[in-house]
Amino acid sequence: MGTILVRAEARGLLAARIVETEAYLPEVDSASHAYRGPTARNRSMFLRRGHAYIYLIYGAYHCLNVTSESEDVGAAVLLRAAEPLEGIGIMRRRRGTERVTDLLRGPGRLAEAFGLDRRQDGLDLCSNRSRLWLSAGAAPDAVGRSVRIGLSREVDRVLRFYERGSPFVSGPRRLNQCPATSGSRH
DNA sequence: AAGAAGATTCGCT
DNA sequence: GCGAATCTTCTTA
């Protein structure tokens, strides 16, 4: 949360501040793609923390995750929404909308605006040789938490985090009015 | 070899 | 608010 996602393209630089995430835990989380062990699709989820795991969902949309544990442990954070900072013209063209609050609101939209697909799966997001990387940013003042969105399993786990009051956050309004948390990193 | 489900989005009612 | 779109992956026969 608050970290800046950056992509360097020939056409220009894209940058956005992460305002909504979901955690997928190792071992115990049956909603995680890694739950049944590595496969061709999810193998990058077992890379060391800081790598990209990108998958195609519903035959239409890609979702970007950042791995979060040691090598060979399957765990990641799904990037669900971000606040556009730079490259807004490129994002608008890709998304086919003018509204800045609709460019990166939702995981499929975020990946589309950044032009991401399986070709970026497995990239090291902490390497200065990558054209897609993460840059430090200030954490939000108030982080709310809720259950994860769109799942049919593990529906009670409170593992979604979002910046309170942000217009760039996805999800139904009732989930975005949870009490703020403090004192821990998200 | 076939079928069901899926970490979503968009358009229509 | 609800259902379709769309295709890959994993599961089951």
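Here is how names work: the chains are called A, B, and so on, in the same order as the sequence lines, proteins then strands, and each is numbered from 1.
Under a cut-off of 6.0 angstrom, the local environment of CZ in A:R43 is sparse, with at most 12 non-hydrogen atoms contributed by other residues, nucleotides or ligands.
Remark: the separation of the P atoms in B:dA4 and C:dA4 is 15 Å, to the nearest Å. One P atom belongs to B:dA7, the other to C:dG1, and the distance between them is 23 Å to the nearest Å.
Taking 4.0 angstrom as the limit, A:R153 places none of its side-chain polar atoms (N or O) nearer than this to OP1 or OP2 of B:dA7. Contact between the side-chain N/O atoms of A:R105 and the OP1/OP2 oxygens of B:dT9 is not found at any separation under 4.0 Å. Put simply, A:R157 has no side-chain N or O that comes within less than 4.0 Å of OP1 or OP2 on B:dA7. The shortest distance between the side-chain N/O atoms of A:S32 and the OP1/OP2 oxygens of B:dA7 is not below 4.0 Å.
The OH atom of A:Y35 sits 19 Å away from the P atom of B:dA5 (whole-angstrom rounding). In this structure, the CD atom of A:E20 is 11 Å from the C1' atom of B:dA7, given to the nearest Å. B:dT9 atom P lies 9 Å from atom CG of A:L110, rounded to whole Å. One interatomic measurement links the two molecules: CG of A:L78 to P of B:dT8, which rounds to 7 Å at whole-angstrom precision. Between A:I54 atom CD1 and B:dA7 atom P there is a gap of 16 Å when expressed in whole angstrom units. As a whole-Å value, the separation of A:I149 CD1 from B:dG6 P is 16 Å. The NE2-P distance, from A:H62 to B:dT9, rounds to 13 Å in whole Å.
Looking at A:E83 and A:S166, their side chains never bring a donor and an acceptor atom within 3.5 Å of each other. Side-chain contact check for A:R99 and A:T101: at least one donor-acceptor pair (N or O, by modelled atom type) lies under 3.5 Å.
Taking the six-membered ring wherever Trp is involved, the centroid distance between the rings of A:H33 and A:Y24 does not fall below 6.0 Å.
In summary, A:R94 and A:E9 engage in a salt bridge, as defined by a charged side-chain N under 4.0 Å from a carboxylate O. Under a 4.0 Å N-O distance rule, the pair A:R109/A:E112 does not qualify as a salt bridge. A salt bridge links A:E163 with A:R17; the closest basic N to acidic carboxylate O contact falls under 4.0 Å.
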Protein N or O to nucleotides 1-9 of chain C N or O, pairs below 3.5 Å:
unit_1: C:dT6; atom_1: O2; unit_2: A:Y58; atom_2: O; d: 2.4

Under 3.5 Å between N/O atoms: give me all the protein pairs with nucleotides 11-13 of chain C, atom names plus distance.
unit_1: C:dT11; atom_1: OP1; unit_2: A:R36; atom_2: NE; d: 3.4

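Nucleotide B:dA5 has C:dT8 as its partner under the Watson-Crick or G-U criteria, with both atom distances under 3.5 Å. Across all strands shown, B:dG11 forms a Watson-Crick or G-U wobble pair, both distances under 3.5 Å, with C:dC2.
Taking CG of A:L151 as the reference point, atom CD of A:E154 lies at 8.5 Å (rounded to 0.5 Å).
The side-chain ring of A:Y55 is not stacked on the base of B:dA7, judged by centre separation under 5.5 angstrom and plane angle under 30 degrees.
Residue A:R160 is classed as having no contact, given no heavy-atom separation below 4.0 Å to the nucleic acid. Counting non-hydrogen atoms under 4.0 angstrom, A:N42 reaches nothing in the nucleic acid.
In this structure, the side chain of A:D124 does not engage the main chain of A:H51 through any donor-acceptor pair within 3.5 Å.
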Take A:D156 and A:R148 through the test salt bridge (Lys or Arg N to Asp or Glu O under 4.0 Å) and record every step on the way to the result. CA-CA 8 Å; A:D156 294 327; A:R148 296 177 291 189; over 6 Å; no
